[in-house]
Amino acid sequence: MRERRCIGCGKTVGKACLVRIVRRPDGMAAFDPTGRAPGRGAYVCSQACLAEAVKKNKLARALKVTLGSDEMERIAVDVASALAVREGKGVV
Ligand SMILES: [Zn+2]
């Protein structure tokens, strides 16, 4: 089970190409840098897909949570930096 579906574009891609967002036990959604945090997870493959997923409420639906705007902003920032690292702009 190394492949996951991106909730933004709907493509199934290797887990290594995706960024995971997890619903933590406390019910808050957060970026999951390990990709293995316990809880319901959702995956996106790019910042554009995250934006799309947030805009269309797909992220909240995938995680079955209500996302506050602060929470969404935090996730967007974390995902952006994770993707920047992956694209070689930072240290892996
Ligand atoms: Zn995508």
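As the structure lists them, so they are numbered: ligands from 1, and atoms in each ligand from 1. Not measured: the values here are computed from a predicted model.
Applying the salt bridge (Lys or Arg N to Asp or Glu O under 4.0 Å) definition to pairs two or more places apart or across chains, none involves residues 58-73.
Here the SG atom belonging to Cys45 is positioned 15.5 Å from the NZ atom belonging to Lys15, to the nearest 0.5 angstrom.
With a 4.5 Å cut-off on side-chain heavy atoms, Cys6 and Leu18 count as touching. You'll find the side chain of Ile75 reaches within 4.5 Å of the side chain of Leu67, heavy atoms only.
Counting only protein atoms, the N, O or S atoms lying less than 2.8 Å from the Zn ion (ligand 1) are Cys6 SG, Cys9 SG, Cys45 SG, Cys49 SG, ordered by chain and residue number.
No donor-acceptor pair closer than 3.5 Å links the side chain of Arg23 to the backbone N or O of Ala42. Looking at Asp32, its side chain does come within 3.5 Å of a backbone N or O of Ala37 through a donor-acceptor pair.
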